[in-house]
Amino acid sequence: MAKRGLFITFEGTEGSGKTTQAELLGEWLAKRDPVVVREPGGTELGEQIRDVLLYKGLEIDAEAEMYLFMASRRQLIAEVIAPALASGQVVIADRFHDSTLAYQGGGRGIPTTWPPTFPRPDITFLLEGPVETGLSRHEQAGKSKDRMEQESIDFHRKVAEAYDKLATAEPSRFVRLDATGSRDKIHLEVRDHLKPLLEGKD
Ligand code: Z5A
């Protein structure tokens, strides 16, 4: 049977620095040819679902929203993540199912579970910090607000609380990182946590 690769995910509220850290990690691991994916998206179907989900002009029922995120994820697992892990590759995901548990579960109050066919990450880096910091970074970067980002500060706080509960419930998988630290400091912490996991993968 093919050796299983390593599945690494980044989670956190908006502007917490997930994309920055996923990219820095991808560069650090470049020799291993890692697969770097983002959610929602990463496949043709997923990118189309992403456009639907982030489009401001649509009223989407909260549970329908959850299934759209999960449909995008299932396609990404089938096309990209599962084959890469089965062939022993490192997969780095900028958001995964914990985002649904935090946003649709915690933020919107929809009952959520982890589907048995979705792989569990080996390690999940949770970037934590005041939600205001992330939102203001986003504004400073001059990005326009999509449908999700237009939500109230209370919504983003509920999401942060849900992430906190998820990390408390599964301390062996989650690594909490201070998102207010510098990009380089956070990246070095990520490396330190991964070194023992990567040793067995040479
Ligand atoms: N969503 C959901 O509801 N359910 C789901 O299942 C999934 C997602 C998967 C779109 O996601 C929305 O979908 C998102 C959650 C929801 N909505 N919200 N709100 P997205 O991934 O496209 O959007 P995002 O997660 O909010 O990404 P983002 O705004 O791009 O944030 P980020 O990836 O965490 O941060 P970043 O792009 O790396 O950094 C943001 C800025 O801060 C940028 O200018 C950086 O240069 C800067 N930055 C990064 N790190 C630092 C540090 N350490 N110090 C200072 N400045 C920094």
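Since this is a predicted model, take the numbers as computed values, not measurements. Counting starts at 1 for both ligands and their atoms, in listed order. Residues: numbered from 1 along the sequence shown.
At least one side-chain heavy atom of D122 sits under 4.5 Å from a side-chain heavy atom of R4. Between Q104 and F69 the shortest side-chain heavy-atom distance falls below 4.5 Å.
Considering only non-hydrogen atoms, atom 8 (C) of ligand 1 lies nearest to F69 out of F96, F10, Y103, F69. The residue from E14, Q104, R108 that puts a heavy atom closest to atom 4 (N) of ligand 1 is Q104. Nearest-residue assignment for atom 39 (O) of ligand 1 (options L53, L177, T20, T13; heavy-atom criterion): T20. Looking at H156, E151, H187, it is H156 that brings a heavy atom closest to atom 19 (N) of ligand 1.
To the nearest 0.5 Å, atoms CG (D98) and OH (Y103) are separated by 12.0 Å.
Closest to atom 23 (O) of ligand 1 among all protein heavy atoms lies E149 OE2, 3.9 Å. Among all non-hydrogen protein atoms, the one lying nearest atom 17 (N) of ligand 1 is M148 CB, 3.4 Å. Closest protein heavy atom to atom 10 (C) of ligand 1: L54 CD2, 4.0 Å. In this structure, atom 46 (O) of ligand 1 lies nearest to the protein heavy atom R183 NH2, 3.1 Å. Distance from atom 31 (O) of ligand 1 to its nearest protein heavy atom, with residue and atom name: G15 N, 3.0 Å. Atom 25 (O) of ligand 1 has its closest protein heavy atom at R95 NH2, 2.6 Å. In terms of protein heavy-atom proximity, atom 6 (O) of ligand 1 is nearest to T100 OG1, 2.6 Å. For atom 54 (N) of ligand 1, the closest heavy atom belonging to the protein is R137 NH2, 3.3 Å.
Inside a 4.0 Å radius of atom 43 (C) of ligand 1 there is not any protein heavy atom.
Geometrically, R73 engages F96 in a cation-pi contact defined by less than 6.0 Å to the ring centre and at most 45° from the axis.
The side-chain hydrogen bond (donor to acceptor under 3.5 Å, both in side chains) test applied to K185 returns E189, not counting sequence neighbours. Under the side chain to side chain contact (heavy atoms under 4.5 Å, CB included) criterion, A22 pairs with F10, I92, D94, not counting sequence neighbours.
Atoms of ligand 1 found under 4.0 Å from any heavy atom of G181 (numbered from 1 in listed order, with element): 52 (C), 53 (N), 54 (N). Taking every heavy atom of I186 and a limit of under 4.0 angstrom, the matching atoms of ligand 1 come to 53 (N). Heavy-atom contacts of S182 reach the following atoms of ligand 1: 53 (N) (cutoff under 4.0 Å). Set against the non-hydrogen atoms of E39, the atoms of ligand 1 under 4.0 Å away are 9 (C), 21 (O). Near G17, with a cut-off below 4.0 Å to any heavy atom, the atoms of ligand 1 are 32 (P), 34 (O), 35 (O), 36 (P), 38 (O), 49 (C), 50 (N). Atoms of ligand 1 found under 4.0 Å from any heavy atom of R50, numbered from 1 in the order shown, are 20 (P), 22 (O).
With hydrogens and angles left out, the side-chain atoms of S182 and D184 include no donor and acceptor closer than 3.5 Å. The closest side-chain donor-acceptor pair between E128 and Y163, if any, does not fall under 3.5 angstrom. With no hydrogens or angles considered, no side-chain donor-acceptor pair links E39 and S72 at under 3.5 Å.
Proximity of A102 to ligand 1 is not established, as no heavy-atom distance is less than 4.0 Å. Residue S16 places a heavy atom less than 4.0 Å from ligand 1. Under a 4.0 Å heavy-atom criterion, Q140 is not in contact with ligand 1.
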Please assess E47 against R38 for the test salt bridge (charged side-chain N to carboxylate O under 4.0 Å, His left out), listing each intermediate value before the final yes or no.
CA-CA 10 Å; E47 291 300 327; R38 72 159 183 178; 3.1 Å; yes
Applying side-chain hydrogen bond (donor to acceptor under 3.5 Å, both in side chains), run through H187 and R183 and close with a yes or a no.
CA-CA 6 Å; H187 175 56; R183 293 170 185 80; over 6 Å; no
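Contacts between H97 and ligand 1 below 4.0 angstrom, taking non-hydrogen atoms only, are absent altogether. Heavy atoms from both the backbone and the side chain of K18 come within less than 4.0 Å of ligand 1.
When T9, T43, L76 are each tested for a side chain to side chain contact (heavy atoms under 4.5 Å, CB included) with V37, only one passes: L76.
Ring pair H97/W114 is perpendicular by interplanar angle, where above 60° counts as perpendicular and below 30° as parallel.
A side-chain donor-acceptor contact under 3.5 Å links R50 to the backbone of P40.
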